[in-house]
Every structure is written in C-alpha cells, then in structure tokens.
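For reference, the structure is listed below as structure tokens.
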Number of protein chains: 2
Amino acid sequence: MRNKKAPHISVAIDCIVFGFDGSDMKLLLIQRGFDPERNKWSLMGGYVDEDESVDAASGRILENLTGLSGVYLEQLHTFGSVKRDTNERTISITYFALIDIAKYKQQLSADYHAEWFPVNNIPKLIFDHNEMVEMAKKRLQYKAALHPVVFELLPEKFTLPQIQSMYDAIYEVNFDKRNFSRKLLSTGLLIKLNEKDKMGSKKGAFYYTLDKDKYEENLFKIFSLIITPDHLQF
Amino acid sequence: MRNKKAPHISVAIDCIVFGFDGSDMKLLLIQRGFDPERNKWSLMGGYVDEDESVDAASGRILENLTGLSGVYLEQLHTFGSVKRDTNERTISITYFALIDIAKYKQQLSADYHAEWFPVNNIPKLIFDHNEMVEMAKKRLQYKAALHPVVFELLPEKFTLPQIQSMYDAIYEVNFDKRNFSRKLLSTGLLIKLNEKDKMGSKKGAFYYTLDKDKYEENLFKIFSLIITPDHLQF
DNA sequence: TCAAAAGTGTTCAACGTACACCCATGA
DNA sequence: TCATGGGTGTACGTTGAACACTTTTGA
C-alpha cells in the first residue's frame with residue numbers, strides 16, 4: 001500500500017541506440033569500463049538522479065557515454081526481475097534511440113569507445129541486455145508500421161533505394177521495389193531533388209527529402225501504406 | 001554512470017483496469033484511504049517490494065486492492081517526473097488490465113470499495129493518474145488493432161452486437177454492422193452456438209465462442225481485419 | 001400490431017501483388 | 001561494351017466501403 005515505507009530499489013536507465021548507415025541497421029554498444037563485468041559489451045546505462053525526470057536521465061546518460069545529444073529517444077519498457085542486476089536490486093527503464101549514423105559519426109568516434117554492430121549479429125551482452133535489444137527490435141517494427149519515426153534514421157536527403165533498404169532491414173524482408181516506390185511516393189510526402197547520389201551505383205539515384213509541412217499535417221494517415229501485419233514478428 | 005552510488009528513488013506500481021460490461025467500456029477506480037489526498041479517486045497503486053519482480057508486484061497490488069487475480073496485465077509505461085508524487089520522489093511503473101466485468105463482479109463488490117466509471121467520463125484523479133489513463137486508452141487502441149487481446153474483455157460466450165459494441169467503444173466510432181460481422185466471421189475463429197442471448201433484444205442474438213485452437217495458431221494473422229489506421233487516435 | 005434490435009447481399013472503387021524490361025553510367 | 005543498380009507500367013484478384021430491407025418476438 002502507498003502509505004507504507006518504500007523499500008530500497010535502485011533505478012537505472014539503459015539506452016538501445018539504432019542506427020542506419022544507408023544500407024544496414026546497426027546497434028550501438030560500449031565496452032563496460034568497470035567491475036563487475038568489466039570489458040563486456042553493454043548498452044549505455046546509468047542511474048537516475050533524484051532531481052531529474054527519467055526522460056531527462058535517459059538523454060543525459062546517452063550523451064555522457066556517447067556524446068550524442070538531441071536524438072530521438074522513446075521509452076521502451078521497464079525491466080524489473082529481482083536478480084537481473086547481479087550486484088544490487090536495480091530496475092532498468094529502457095529507452096530506444098534512432099539516429100542517422102553518418103550524421104553523428106564524428107561526435108562518436110572521437111572521444112568515446114562505442115561501436116556499431118549489425119542488428120542481426122549482436123554479441124553476448126551483460127545482464128538482460130540481449131533481451132532488451134530483442135524487445136526494442138520488435139517495438140521498432142510496430143512503431144514503424146504506423147508512425148513515420150523511421151525518418152529519424154535517415155539523413156536530410158536520401159534515395160529511394162536507401163529508404164527501401166531501411167524497411168527491408170527493419171522487417172527482414174525484401175519489398176518489391178516497384179510496389180514500394182509507388183506506395184511511398186503516393187503519400188505525397190517526398191520531394192524529389194535535382195541531385196543524385198552516385199555512391200551506390202554508376203547511374204546514381206535521385207535524392208528525396210521530406211515535405212516537412214505535409215509531414216506534420218499527415219502524421220497519421222501515412223503509414224501502413226508500407227507495412228501490413230504480415231510483416232510483423234510476433 | 002553505473003559505478004556511482006544510486007540515489008534514493010521510490011518505485012511504485014499503478015494499475016489501470018479496463019472492463020467491458022456488454023455495452024460500455026469502464027475504468028476501475030478506488031477512493032484513496034489515507035493522506036495525502038485522502039478520499040480522492042485514484043488508480044490502484046503500491047510500492048514494489050525488494051524481493052519481488054515488478055511484474056509480480058503489479059499482480060499483488062491489484063489483488064490486494066480489488067481482489068482481482070489471474071487477469072490479463074501488461075506493462076504500459078513508467079512515469080518519472082520529479083514532482084509527480086507530491087510526497088516523495090517516486091517513479092510509477094504502470095500496468096493495464098483487461099477484464100470482463102460480469103465475471104469478477106462478486107469478487108469486487110463484496111469487500112472492496114472500487115467503482116467502475118465510464119471511460120469517457122473519468123473524474124479528476126490524484127497526481128498524474130489522468131495522464132496514465134489517457135495513455136492506456138491509446139495503448140489499448142494500438143494493441144487491439146494488431147492483437148486479439150480484447151477477447152480478454154469478453155465472457156466465454158458473447159454475441160456479435162456485444163463484440164461490436166466493444167470495438168465501437170474502444171475506437172469511439174460506429175462500425176457498419178454488416179461489414180463488421182462479415183470481417184469478423186471471415187477469420188473463422190468464431191464458433192456459432194445454438195443459443196441466444198435474450199437480454200439485449202426481443203429477437204435475441206446468437207452466442208459465439210472463440211475457437212481456442214485456431215486462435216492459438218493464428219494469433220498473428222487475425223487482426224487489422226477489423227481496424228485500419230484511420231481508427232487510431234494519434 | 002408495433003417497436004426494437006438482429007441478421008443478411010450486392011455493387012463499385014481502391015488497393016495490393018505479381019511480374020520484366022529499359023536506362024544511365026563508370027570501369 | 002558490359003556489368004551494375006535505378007527506374008518505371010500493367011493486369012488481376014482481393015478487399016474495403018457504402019448502402020436498405022426483412023426477420024423475430026415481447027410488450
């Protein structure tokens with residue numbers, strides 16, 4: 001009951017950071033610098049301070065450990081088994097972040113020892129962090145099915161092959177590129193630029209950019225144009 | 001960082017209980033029996049014990065305050081503003097429950113002072129509990145769009161008008177009953193019984209029951225037959 | 001007999017899916 | 001010149017949406 005004294009339980013945050021590099025989905029991990037479990041791979045974690053909200057804590061902790069700030073962060077789930085942390089009773093509130101790898105490349109590699117791993121080849125992580133990652137992958141699938149959050153993973157301008165690779169990676173499928181581009185363009189949310197990306201091919205692929213105004217207005221109607229429930233892993 | 005000492009933050013649970021009575025969606029509330037905020041309406045809450053998981057705590061707290069056990073409970077979100085609890089720094093991990101009101105009616109009214117309120121007419125609640133309820137309503141919409149969890153709200157046998165009322169209530173729309181019943185029956189998941197419910201009308205409506213085997217098998221493919229993204233409130 | 005809710009079918013437009021070839025370019 | 005990836009169109013079946021009348025029966 002609320003009027004009894006609260007037992008002591010520590011409150012931590014762990015951040016699951018997804019990135020997209022133009023062709024693959026990646027996950028950001030750090031090597032733990034202290035005992036226990038020193039040198040094992042881990043998510044970015046830390047304790048919530050007494051005078052900060054848990055949302056604020058997630059941003060602070062991510063920035064401390066990776067230098068990343070201003071990224072899209074959303075609460076995922078709170079993990080609270082009794083023995084999940086081998087050290088002391090700790091619950092962990094997890095957040096996931098979506099970023100465009102290229103945009104933050106320099107910030108990251110300069111001072112921090114974080115590394116990108118392909119989402120389908122994650123090493124063994126400390127505690128229950130692998131479970132957290134699995135849940136985050138599923139949540140991303142759900143979220144992306146109904147919300148255009150995934151544009152957070154893309155640079156300002158991007159090509160159709162890039163955005164399709166992103167969806168292919170998130171849902172672990174291969175969409176038909178003819179149907180995919182038709183559906184995507186039919187939203188009217190993409191503006192074609194007079195400029196090509198020549199990185200990916202000799203012919204080059206046209207860049208597109210988000211029509212921000214329409215994007216705000218139509219936040220709702222847009223998706224599930226792309227994804228049907230068949231694509232979700234239950 | 002993980003190696004610093006954790007500050008003291010209390011960890012509480014709050015449960016948002018949705019019920020369906022055959023025609024309306026309801027929310028279960030209790031009147032707080034202690035200060036501060038004595039006698040104000042509130043969700044069912046309590047502290048997590050040091051030696052129990054947060055999932056276990058949610059079940060225990062719900063049972064303590066309402067007598068309900070064995071109900072569908074799912075974690076919703078963790079609320080963690082600094083001043084959300086006016087008493088001491090407390091984060092609240094919220095869970096939502098789905099129950100068939102009739103099934104638990106006796107359990108509830110006997111010993112507990114909990115009351116059902118229509119979801120569209122909730123009183124002012126303590127702390128940030130109204131916000132929690134709003135989030136739970138949205139989550140239920142999302143969840144029900146892709147998962148058949150809503151059968152948790154129905155009795156063993158139910159009529160087509162009842163299940164449609166439920167969807168109408170969750171999405172705050174009025175589905176066309178011809179289209180609705182065709183879609184629902186096309187899943188092949190409902191078994192028509194040779195028995196009618198005469199409560200709702202003179203003619204009576206046939207009872208249906210879930211084909212449990214098929215239900216297990218097809219957990220995934222089923223929904224979004226009913227709901228399209230247009231129905232979601234963003 | 002009538003009021004009230006249950007139950008049922010058809011038509012049309014929109015959408016999803018499958019599928020194959022040409023284009024532009026740099027090496 | 002050729003290998004590589006980019007870009008486009010059509011045809012068909014399925015699905016979603018709009019729509020109105022008949023049935024049953026208790027009061």
Side-chain angles (χ1 to χ4, degrees), chain A residues 21-24 145-146 154 157-169 171 173-209 218 221-232, chain B residues 21-24 145-146 154 157-169 171 173-188 190-209 221-232:
Chain A
D21 64 5
S23 60
D24 294 298
L146 295 165
L154 292 170
K157 48 188 192 182
F158 47 83
T159 66
L160 292 181
Q162 278 169 8
I163 193 169
Q164 187 181 341
S165 300
M166 186 181 70
Y167 275 96
D168 284 353
Y171 293 99
V173 292
N174 286 299
F175 292 105
D176 181 285
K177 65 178 174 175
R178 291 161 290 192
N179 296 335
F180 184 87
S181 72
R182 181 159 7 90
K183 283 202 253 180
L184 196 60
L185 295 173
S186 79
T187 62
L189 287 174
L190 299 189
I191 300 168
K192 188 176 189 173
L193 303 179
N194 256 331
E195 198 185 344
K196 280 185 165 184
D197 165 44
K198 296 265 194 162
M199 299 301 217
S201 71
K202 294 160 183 168
K203 182 178 178 181
F206 279 104
Y207 279 120
Y208 288 79
T209 189
N218 296 300
K221 301 184 180 170
I222 304 163
F223 281 71
S224 95
L225 285 166
I226 311 292
I227 308 303
T228 69
D230 296 346
H231 298 119
L232 299 174
Chain B
D21 64 6
S23 59
D24 294 297
L146 295 165
L154 292 170
K157 48 188 191 182
F158 47 82
T159 66
L160 291 181
Q162 278 168 10
I163 193 171
Q164 187 181 341
S165 300
M166 187 181 71
Y167 276 97
D168 284 352
Y171 293 100
V173 292
N174 286 298
F175 292 104
D176 181 286
K177 65 178 174 176
R178 292 162 289 191
N179 294 335
F180 184 88
S181 72
R182 182 161 2 92
K183 281 201 256 181
L184 196 59
L185 295 173
S186 78
T187 63
L190 299 189
I191 300 167
K192 188 177 190 170
L193 302 180
N194 256 331
E195 198 186 344
K196 280 185 164 186
D197 166 44
K198 296 264 194 166
M199 298 300 215
S201 70
K202 294 159 184 169
K203 184 178 179 182
F206 279 104
Y207 279 119
Y208 287 80
T209 191
K221 301 185 182 170
I222 305 164
F223 281 70
S224 96
L225 285 165
I226 311 290
I227 308 303
T228 68
D230 295 347
H231 298 119
L232 299 174

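Residue numbers begin at 1 in each chain, while the letters A, B, ... track the order of the sequences.
- Candidate nucleotides dC19(D), dG9(D), dG7(D) were compared by shortest atom distance to the side chain of Phe206(A), and dG7(D) ranks first.
- Rounded to whole Å, atom P of dG6(D) lies 12 Å from atom OH of Tyr208(A).
- Taking atom NZ of residue Lys192(A) and atom C1' of nucleotide dT8(D), one finds them 10 Å apart after rounding to whole Å.
- Separating the CG atom of Leu184(B) from the P atom of dT8(C) is a distance of 13 Å, rounded to the nearest angstrom.
- For Asp24(B), the side chain to side chain donor-acceptor pair (under 3.5 Å) criterion is met by no residue, not counting sequence neighbours.
- Residues that satisfy the salt bridge (charged side-chain N to carboxylate O under 4.0 Å, His left out) test with Asp168(A), not counting sequence neighbours, are absent from this structure.
- By the side chain to side chain donor-acceptor pair (under 3.5 Å) test, Asn174(B) is found to be paired with no residue, residues two or more places apart in sequence or in another chain being considered.
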Stepwise side chain to side chain contact (heavy atoms under 4.5 Å, CB included) test for Phe158(B) and Leu190(B)
CA-CA 10 Å; Phe158(B) 47 82; Leu190(B) 299 189; 3.8 Å; yes
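- Both Ala205(A) and Arg182(A) lie near DNA chain D, and the one whose nearest nucleotide falls closer to the 5' end is Ala205(A).
- In terms of the side chain to side chain donor-acceptor pair (under 3.5 Å) criterion, residue partners of Asp176(B) (sequence neighbours excluded) are, by chain and number, Arg178(B).
- The aromatic rings of Tyr171(B) and Phe175(B) stand perpendicular to each other, their planes meeting at an angle above 60°, with 30° marking the opposite boundary.
- Partners of Lys157(B) by side chain to side chain donor-acceptor pair (under 3.5 Å), not counting sequence neighbours, listed by chain and number: Glu195(B).
- Axis angle between the ends of the helix from dT1(C)-dA27(D) to dA27(C)-dT1(D), five pairs each and rounded to 10 degrees, works out to 0°.
- Rounded to whole Å, atom P of dA5(C) lies 13 Å from atom CG of Asp197(B).
- Atom CZ in Phe180(A) sits about 13 Å away from atom P in dT17(C), given to the nearest Å.
- Legend: residues meeting side chain to side chain contact (heavy atoms under 4.5 Å, CB included) with Ala205(A), ordered by chain and number and at least two apart, are Thr159(A), Pro161(A).
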With the sugar-phosphate defined as primed atoms, P, OP1 and OP2, and the base as all remaining atoms, what B/S/- string results for nucleotides 20-27 of chain D, 5' to 3', for protein heavy atoms under 4.0 Å?
B--BBBB-
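- For Asn179(B), whose side chain is taken as the heavy atoms from C-beta onward, the closest listed nucleotide among dG9(D), dA17(D), dT8(D) is dA17(D).
- Contacts of Ser23(A) classified as side chain to side chain contact (heavy atoms under 4.5 Å, CB included), with partners at least two apart in sequence or in another chain: Asp21(A).
- At whole-Å resolution of the value, CG in Leu185(A) and P in dG9(D) are 12 Å apart.
- Taking atom CG of Asp176(A) as the reference point, atom C1' of dT8(D) lies 11 Å away to the nearest angstrom.
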